[in-house]
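Presented below is the structure to which this report refers.
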There are 2 protein chains.
Amino acid sequence: MLDLSDHSILSIRFCGKDGTFAPPSPIFRCMTRARPYDRNVALDAALSLFWRKGYHATSLKDLEVALRMKPGSIYAAFDSKHALYLSVLERYFLRTRDELRTLRDGSGPVLKGLAEHLRGVARREAHDPGRSACMLVRTMLDATAGEAELGARARSYLDAIRDEIEAAFRQARADGELPDQADTALLAQRYQSNMTALRIEAHRGLGDAALIGLAEQMAQEIEALGSGRLASPPKA
Amino acid sequence: MLDLSDHSILSIRFCGKDGTFAPPSPIFRCMTRARPYDRNVALDAALSLFWRKGYHATSLKDLEVALRMKPGSIYAAFDSKHALYLSVLERYFLRTRDELRTLRDGSGPVLKGLAEHLRGVARREAHDPGRSACMLVRTMLDATAGEAELGARARSYLDAIRDEIEAAFRQARADGELPDQADTALLAQRYQSNMTALRIEAHRGLGDAALIGLAEQMAQEIEALGSGRLASPPKA
DNA sequence: AGCTGATTTGAGTGATCACTCAATGCTTGA
DNA sequence: TCAAGCATTGAGTGATCACTCAAATCAGCT
């Protein structure tokens with residue numbers, strides 16, 4: 001009983017299989033069947049949206065616009081809003097972790113790299129009009145009892161990042177940048193706390209100079225570890 | 001056309017006008033018309049709920065249960081979910097501010113009080129099974145563009161708290177606990193950042209010992225300010 | 001051209017959202 | 001004892017939620 005008699009306008013969209021929504025090109029090489037969207041592009045769009053609005057405040061309507069996909073396609077590709085968020089969160093985590101890994105794999109001294117990382121985040125956020133705190137922290141704070149899995153996932157990713165930071169401190173110690181008795185676990189925990197606080201201050205809208213100054217203070221505390229005197233925490 | 005014939009049980013609730021839900025006392029002094037709920041009790045219930053679940057994830061249904069009020073009563077008393085949240089947020093802010101004020105008004109040295117405050121928060125959170133980060137921070141992170149007022153309010157409360165902290169540092173300086181050149185604005189900002197980070201770590205579920213250790217580290221940094229050497233931040 | 005099967009579509013699903021209001025019930029003053 | 005007046009009630013409002021599925025679309029093959 002579907003009556004199409006009054007459908008005078010049908011929507012027309014062109015989708016290149018690389019995910020760009022360009023008008024159709026005559027050169028269409030198709031193997032099995034190309035997807036008219038690119039999974040990575042879609043995930044990046046979802047990441048940006050979820051990061052900005054949070055899980056609860058982001059509706060399927062928002063996602064449809066951001067991903068340029070209809071609900072059916074979204075569900076075919078990502079199963080559910082919840083599953084999509086988990087995919088996005090993993091993507092965010094992997095990027096953050098890789099960014100930290102380059103600090104260890106880089107050529108310069110690791111301690112200096114950790115300090116510079118703090119300065120770099122502050123500088124980047126200072127110039128970003130859409131400042132936003134760490135997505136893992138946001139997810140953790142936002143996850144309710146009903147979405148325990150989200151919270152647990154965010155926590156485990158945060159733990160993995162802490163481990164990555166500790167690995168960097170351990171390498172610094174092995175390289176002789178830190179005294180042998182340096183407590184790398186404690187240093188990593190404090191470093192991560194500082195980074196969390198720094199990014200929340202960025203989200204808060206702290207003035208550029210103050211933000212960079214805060215990072216500078218934290219960075220110098222890291223660098224001071226190398227000079228020996230503060231390498232181990234104060235005694236209780 | 002209301003048929004009550006099959007209502008064999010009617011709910012019975014007794015509400016003292018002080019908000020306690022005690023059985024009716026023969027001594028009911030009523031001036032104009034006693035409210036069967038106490039605004040403060042209701043606000044506390046809403047505070048607990050909103051703090052735990054966040055603004056978006058808390059539904060009117062949740063509030064009806066927590067406040068023991070029907071939707072009509074909630075709207076008569078608080079206008080809207082949004083307005084209720086603002087009232088609750090102010091309540092939270094005032095408590096936090098007052099707690100800080102007692103540090104200044106107390107008898108002991110202010111610097112020691114600030115350090116003890118960090119230790120106290122860590123100890124309190126360590127024993128609280130329902131650990132939760134600062135509600136102002138949560139609100140700020142949760143507020144979307146569509147609820148700009150919520151975010152702005154949270155930010156201004158955070159600013160007010162920073163001012164309160166700075167006032168404490170200024171008093172410490174006036175009392176001779178800090179050197180004259182101590183930068184109280186910078187100290188306050190860092191103190192608040194540390195507190196934010198500490199409470200997020202609590203929310204994260206950091207082990208009790210680690211949480212208390214983190215606070216101890218922060219507290220000793222504050223106390224070290226009094227010994228002169230670290231009173232001003234490292235030079236850039 | 002026409003068939004085939006993978007893919008996209010978008011109107012529609014029931015549930016739940018924040019919120020309303022006519023009706024009810026209780027307290028008070030007469 | 002009762003009328004008046006207001007706080008409380010809770011079923012109901014339209015909107016929006018996450019999500020579904022039959023139909024349309026399109027590339028590749030014959």
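Keep in mind that this is a model prediction, so the values were computed, not measured. Chain letters run A, B, ... following the sequence lines, proteins first and then strands; every chain starts at 1.
Nucleotides of DNA chain D nearest to B/Gly72 and A/Leu60 differ in position, and the one nearer the 5' end is that of B/Gly72.
When the P atom of C/dC21 is taken as reference, atom CD1 of B/Ile74 falls 17 Å away, rounded to whole Å. Atom-to-atom, CG of A/Leu63 to C1' of D/dT16 comes out at 15 Å; the value is rounded to the nearest Å. Here C/dT8 presents its P atom at 15 Å from CZ of A/Arg68, a figure rounded to the nearest Å. Rounded to whole angstrom, the span from the CZ atom of A/Arg39 across to the P atom of C/dT8 amounts to 12 Å. Rounded to an integer number of Å, the gap from B/Lys81 NZ to C/dC19 P is 8 Å. Separating the CD atom of A/Glu64 from the P atom of D/dC19 is a distance of 12 Å, rounded to the nearest angstrom. In this structure, B/Met69 places its CE atom 14 Å from C1' of C/dC19, rounding to the nearest Å. The NZ atom of B/Lys53 sits 10 Å away from the P atom of C/dA18 (whole-angstrom rounding).
Between A/Tyr75 and D/dT20 there is no side-chain N or O to OP1 or OP2 distance below 4.0 Å.
No hydrogens or angles considered: nothing links the side chains of B/Tyr85 and B/Thr58 as a donor-acceptor pair under 3.5 Å. In the model, A/Thr96 has no side-chain atom that pairs as donor or acceptor with a side-chain atom of A/Glu99 under 3.5 Å.
In this structure, the nucleotide among D/dC19, D/dG10, C/dT9 sitting nearest to the side chain of A/Ser73 is C/dT9. In the set D/dG10, D/dT20, D/dA18, the nucleotide with an atom closest to the side chain of A/Ser59 is D/dA18. Looking at the side chain of B/Pro71, the nearest of the listed nucleotides C/dA18, D/dA11, D/dT20 is D/dA11.
Within 4.0 Å (heavy atoms only), B/Lys70 reaches at least one base atom of the nucleic acid.
Using a 30° and 60° split on the angle between ring planes, B/Phe93 and B/Tyr157 fall in the parallel class, below 30°.
Of the residues listed (B/Lys53, B/Arg52, B/Lys81), the one engaging B/Asp62 in a salt bridge (Lys or Arg N to Asp or Glu O under 4.0 Å) is B/Lys53, and it is the only one.
Ion pair A/Arg170/A/Glu166 flagged as a salt bridge, since at least one NZ, NE, NH1 or NH2 atom sits closer than 4.0 Å to an Asp/Glu carboxylate oxygen.
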